[in-house]
Amino acid sequence: MVFLRWLGRCRPASRRTYGTLNVLGKDYPTDATTNVSPTILSKLSVQLHTQPAHPLSTLRSLVESHFPAYSHLSSISPVVTPYQNFDLLSFPPDHPGRSVTDSYYINNDVMLRTHTSAHEVDVFSRGETQWLLTADVYRRDEIDASHYPVFHQTEGCRIVSADAAGMQEIRDDNARLEDHLRRSHILIQDVPHLSPTNPCQPAHDPEHTELIAKNLKLSLNSLILRLFGGKQAEGEPLRVRWIEATFPWTTPSFEVEVFFRGKWLEILGCGVIRQATLDNSNVPNKLGWAFGLGLERIGMVLYSIPDIRLFWSPDPRFLSQFKQGEITTFKPYSKYPACFKDVSFWLPTDSTFHDNDFCDLVRDVAGDVVENVKIVSRFGYVG
């Protein structure tokens, strides 16, 4: 691995030209917003989560097997509009995720999804009421062992009628799940389903929201038990804790952590779906929950994979270690020592060049052999 440090200077600005960009076989016009790099474009058709025996494929299958009655979706294009990715999910206009320094834009009107939630409205609109969607998502990020601009999420959603019949369906399911968890070796630290800091939506009945939030928690506690149960020290229960959170597309909202190998690990975010999302989906008389699970984050823990970039390795020494449906401990195979490289360059005095722009440039030139990028210093010249 190579460690790259960089220093910045200033130089006169250069003029940018625009043309077209081919993305998954379709040409798109480019503009001042375009920031998708060749390296990112090369990832779009890979779909690691569908490749047999790959750790991400096994994790996807494990989650899907826990929800056998749900629709299982996994082949949806990552090209979406900002309206789908942000506006339909109640992201505020000034949310940092909209920035070109955080997200990949093909042009001002089209982008790469930053989360699987970008498809919630479309999937609900076509009549699906309980479903899982696993896909690659894209966010501009730094270069190190735990961050990568492409990762994989599994989105899970369930909605029911907001009437007596729908609520009875949830009560019955809650009773089933409570009985299962009561007989399992799991210790759950919970928080209230509703609170002044994690409130019910104005359009919802608080009693209904309590039932939905409880069903969400029970369903995910059961899933976490499936993924992490039986891997603790002998006699130790699986420990799970819930934390209040804030997300644009759900309220009340929660994060879930698991105590694993001596420390608390954040596993997923979830909550009761905002009514605006359901209204946009033309299912205004429904109520339900959603969660988003990062497959790499769980895979690094369960497989003991120390670097997120290894998931993309074509090296047989990596791929041959895994079989579909089995979780095994990764065995390191490279002993090459690290080396450091220093880079310095000029930037325009009026430059909007961001750290993530440089990280994308490094990936384009050197691929994943660069293990870390750090800024040593910035300085300007006044003459």
Side-chain angles (χ1 to χ4, degrees), residues 49 53-68 70 132 134 145-147 151-154 156 158 173-193 195 198 213-245 252-271 289-308 310-311 318 321-332:
H49 60 287
H54 195 281
L56 299 183
S57 176
T58 289
L59 291 175
R60 173 185 60 83
S61 296
L62 281 174
V63 176
E64 290 177 349
S65 68
H66 190 74
F67 295 96
Y70 285 45
L132 300 174
T134 304
S146 59
H147 295 88
F151 58 101
H152 297 75
Q153 286 184 335
T154 293
R158 180 185 186 183
D173 195 40
N174 287 350
R176 177 186 65 82
L177 290 167
E178 282 181 311
D179 181 64
H180 167 63
L181 292 169
R182 192 181 301 116
R183 294 182 284 104
S184 302
H185 202 36
I186 183 171
L187 181 63
I188 302 165
Q189 297 175 231
D190 203 356
V191 293
H193 305 325
S195 74
N198 211 16
K214 184 176 182 179
N215 186 252
L216 166 66
K217 291 179 177 181
L218 292 171
S219 298
L220 293 181
N221 285 333
S222 179
L223 172 62
I224 292 169
L225 181 65
R226 174 73 174 272
L227 294 173
F228 290 91
K231 297 177 175 62
Q232 292 68 44
E234 186 175 354
E236 288 292 319
L238 173 63
R239 294 168 60 188
V240 177
R241 69 180 179 189
W242 288 75
I243 302 169
E244 287 189 2
S253 302
F254 310 93
E255 290 180 344
V256 189
E257 296 182 341
V258 172
F259 192 76
F260 194 73
R261 294 175 183 165
K263 59 182 179 180
W264 287 102
L265 305 171
E266 181 186 334
I267 298 301
L268 56 85
C270 60
W289 50 253
F291 72 85
L293 180 72
L295 294 184
E296 279 89 346
R297 177 175 294 175
I298 292 179
M300 291 177 75
V301 174
L302 293 179
Y303 286 90
S304 298
I305 294 174
D307 193 311
I308 193 171
L310 283 168
F311 288 106
F318 176 78
Q321 295 189 35
F322 309 108
K323 295 181 179 179
Q324 186 68 27
E326 297 182 13
I327 294 179
T328 53
T329 300
F330 168 70
K331 298 177 182 178

Point-to-point distance, once rounded to the nearest 0.5 Å, from [atom1] of [X] to [atom2] of [Y]:
X      : Y      : atom1 : atom2 : result
Leu225 : Ser184 : CG    : OG    : 5.0 Å
Lys214 : Leu177 : NZ    : CG    : 10.0 Å
Asp179 : Leu218 : CG    : CG    : 11.5 Å
Arg183 : Glu178 : CZ    : CD    : 12.5 Å
Leu59  : Leu227 : CG    : CG    : 7.0 Å

Taking only residues two or more places apart in sequence or in another chain, which ones pass side-chain hydrogen bond (donor to acceptor under 3.5 Å, both in side chains) with Asp173?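 Residues passing side-chain hydrogen bond (donor to acceptor under 3.5 Å, both in side chains) with Asp173: Arg158, Arg176, Asn215.
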
Is there side-chain contact between [X] and [Y], with heavy atoms separated by less than 4.5 Å?
X      : Y      : value
Phe330 : Pro55  : no
Ser222 : His66  : yes
Gln324 : Ser57  : yes
Ile267 : Phe228 : yes
Asn198 : Pro192 : no
Ile224 : Val258 : yes
Pro237 : Ile186 : no
Leu216 : Leu220 : yes

Would you please say whether a donor-acceptor pair under 3.5 Å links the side chains of [X] and [Y]?
X      : Y      : answer
Thr154 : Thr134 : yes
Gln321 : Thr328 : no
Arg261 : Ser304 : yes
Ser65  : Arg226 : yes

Could you work out, with salt bridge (charged side-chain N to carboxylate O under 4.0 Å, His left out) as the rule, every residue matching Arg241, not counting sequence neighbours?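 Partners of Arg241 under the salt bridge (charged side-chain N to carboxylate O under 4.0 Å, His left out) test: Glu257.
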
For Phe254, is the NZ or CZ atom of Lys217 found under 6.0 angstrom from the centre of its six-membered ring and inside 45 degrees of the ring axis?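 Pair Lys217/Phe254 counts as cation-pi.
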
All ring pair (Phe, Tyr, Trp, His ring centres under 6.0 Å) counterparts of Tyr303, not counting sequence neighbours: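 For Tyr303, the residues satisfying ring pair (Phe, Tyr, Trp, His ring centres under 6.0 Å) (neighbours in sequence not counted) are Phe322.
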
Just wondering, are more than 12 heavy atoms of other shown residues or ligands nearer than 6.0 Å to NZ in Lys231?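 Yes, enclosed.
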
